[in-house]
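Have a look at the structure below before the remarks.
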Amino acid sequence: MRTVIIGGVAGGMSAATRLRRLDEQAEIVVLERSGHVSFANCGLPYHVGGVIEQRDSLLLQTPESLAARFRLDVRVGTEVTAIERDRQVVEVRDTRTGETSELAYDRLVLAPGARPVRPPIPGIERALSLRDVEDTDAMVAATAGAQTAVVIGGGFIGIEMAENLHRRGLRVVVVEAADQVMAPLDPEMAAPVHAVLREAGVDLRLGEQVTAIGAKGVTLASGEELPADLVVAAIGVRPDSTLAEAAGLEVGERGGIVVDEHHRTSDPFVYAVGDAVEKRDALDGSEVLVPLANTANLQGRRVADHIAGLPGRGRPVLGTAIVGVLGLQVATTGWNEKRLRAAGRAYRAIHTHPASHAGYYPGADQLAIKLLVDPESDAILGAQAVGRSGADKRIDVIATAMTGGLTASALADLELAYAPQFGSAKDPVNMLGHIADNLRAGTTRSVQWHEVAGLQDEGVSLVDVRTPGEFAQGSLPGAVNLPLDEIRERADELPEGPLVVTCAVGQRGHAATRLLTQLGRDVRNLDGGHRTWLAGQATTI
């Protein structure tokens, strides 16, 4: 039986090599339109920036090495121009010679990936995108002698490109139509990312759009002209479903190829995997587009299993992702608060600012972590973490907990590895669980940073329980200072009526809330404290 695979990177190559390991007799043909297969596409920006110095480091396999080890027939520079499902053949074109031919298949696997969004901006043809090794070569060449760059788009790829062009020594401007970079983050979690970019000299133009690209720069909607020796279009990606749609396969409203739990398309002899297909969201079962390498690789493996007759099915996606930004780790999983609000779904937010490992051990960095929880079921709905170290493993633990169906309160009971240079005896993930359990049980109550002003308008008083020295350095407008250690003796000095307590990050506020609650006061703690409130002031939800 011949299996033809269109696309030779993550999903396609995973399908090919897994199928060979399962079936030594299968005929497996991989067709790749670019000049390279099995390249590390997630590493492309870092070759542009010079972090990955050797271009060959990105080329994990070659057609020759794949033929030697797996007996795969890998054809680069080969573009599939049409699928004739009734005859079970694909039409192919040699991109070097222009010659066309036909290739029959018994099973067909579509793994064409995603293509960069190219909006109809005048001069968009001058902007470079980054999809394959050839794009990378063009961008490296364009940086030679360049001094200025404009990156259109502040998503993960746009920020990676900004970082690496900055590393190359270019003066970089990022133009983003939204009021923040990295849409999967909530505004207060994006604030540290904005800060580290600006501190490095990257110019962020938020809430702006490029309306034209000229020979020497770009024009913004405001009319401002920005010089640009190099323009990068990183506005996002769309599923490359052109072939599938032309062949009459079902394509969803978002443009992704529709597949079943075994990754079969509407044609049972045709499978599809990776960035080109719609996925099932782990929280609500809706169809979503999640262009992540981990998911593409797993889907390729599952397709090979099904073709070989093994049981198994695809899994829903959480959208777990991480990106580095000038030494900052930015990680996320599940839904964010913006999405929960838009869906009208009830949630509870928890913010913490723990140290990445034990504070007494040298090198501890402060993290910002946000956990979103269903207030009724205690299910974990999503999480975000930002910091210079430790964000990666905390998000991975939470994503694992979500996959395993653990509740937020159950995070407190996880037995996690501890030594002072790696974590804390109460790991930040455990602490999230303790807070979630306190809120679930009603032991404490909290308010969010964006709710404070409205509560003050209703007559709620704000009490800052930090030291006078900390208070003098800045607090929330209208707050009165009463240090935590003096509350028992001075509680009668507090304003009458409901109170909101604040401190630096919420920990002392929790202690004050418990104390005042037992003194008969109506009191809530400002979740995440003054630090979270400050971060939230940069933009609004």
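- At a threshold of 4.0 Å, the pair R205-D203 counts as salt-bridged, since one of the basic side-chain nitrogens sits closer than that to a carboxylate oxygen.
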Q: Might you work through the side chain to side chain contact (heavy atoms under 4.5 Å, CB included) test for K370 and D186, ending with a clear yes or no?
A: CA-CA 9 Å; K370 180 174 185 176; D186 286 315; 2.8 Å; yes
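- Between D396 and K393 there is no salt bridge, since no side-chain N of the basic residue sits under 4.0 Å from a carboxylate O of the acidic one.
- With 3.5 Å as the limit, one finds a donor-acceptor pair spanning the side chains of E208 and S222.
- Between atom CD of residue E91 and atom CG of residue L243 there is a gap of 10.0 Å, rounded to the nearest 0.5 Å.
- Taking the six-membered ring wherever Trp is involved, the centroid distance between the rings of H306 and Y271 falls below 6.0 Å.
- In summary, the side chains of Q180 and K338 do present a donor paired with an acceptor at a separation below 3.5 Å, with no hydrogens or angles considered.
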Q: Begin from the C-alpha positions of R93 and T78 and carry the test side chain to side chain contact (heavy atoms under 4.5 Å, CB included) through to its verdict.
A: CA-CA 6 Å; R93 181 178 70 88; T78 303; over 6 Å; no
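- Side-chain contact check for V323 versus M182: some heavy-atom pair is nearer than 4.5 Å.
- For R87 and E102, the salt-bridge test passes: some basic side-chain N is under 4.0 Å from an acidic carboxylate O.
- No side-chain heavy atom of Q384 sits less than 4.5 Å from a side-chain heavy atom of I369.
- With salt bridges taken as basic N to acidic carboxylate O contacts below 4.0 Å, one links D240 and R33.
- Inter-residue side-chain proximity for D267 and L249 is flagged as met; some heavy-atom pair is nearer than 4.5 Å.
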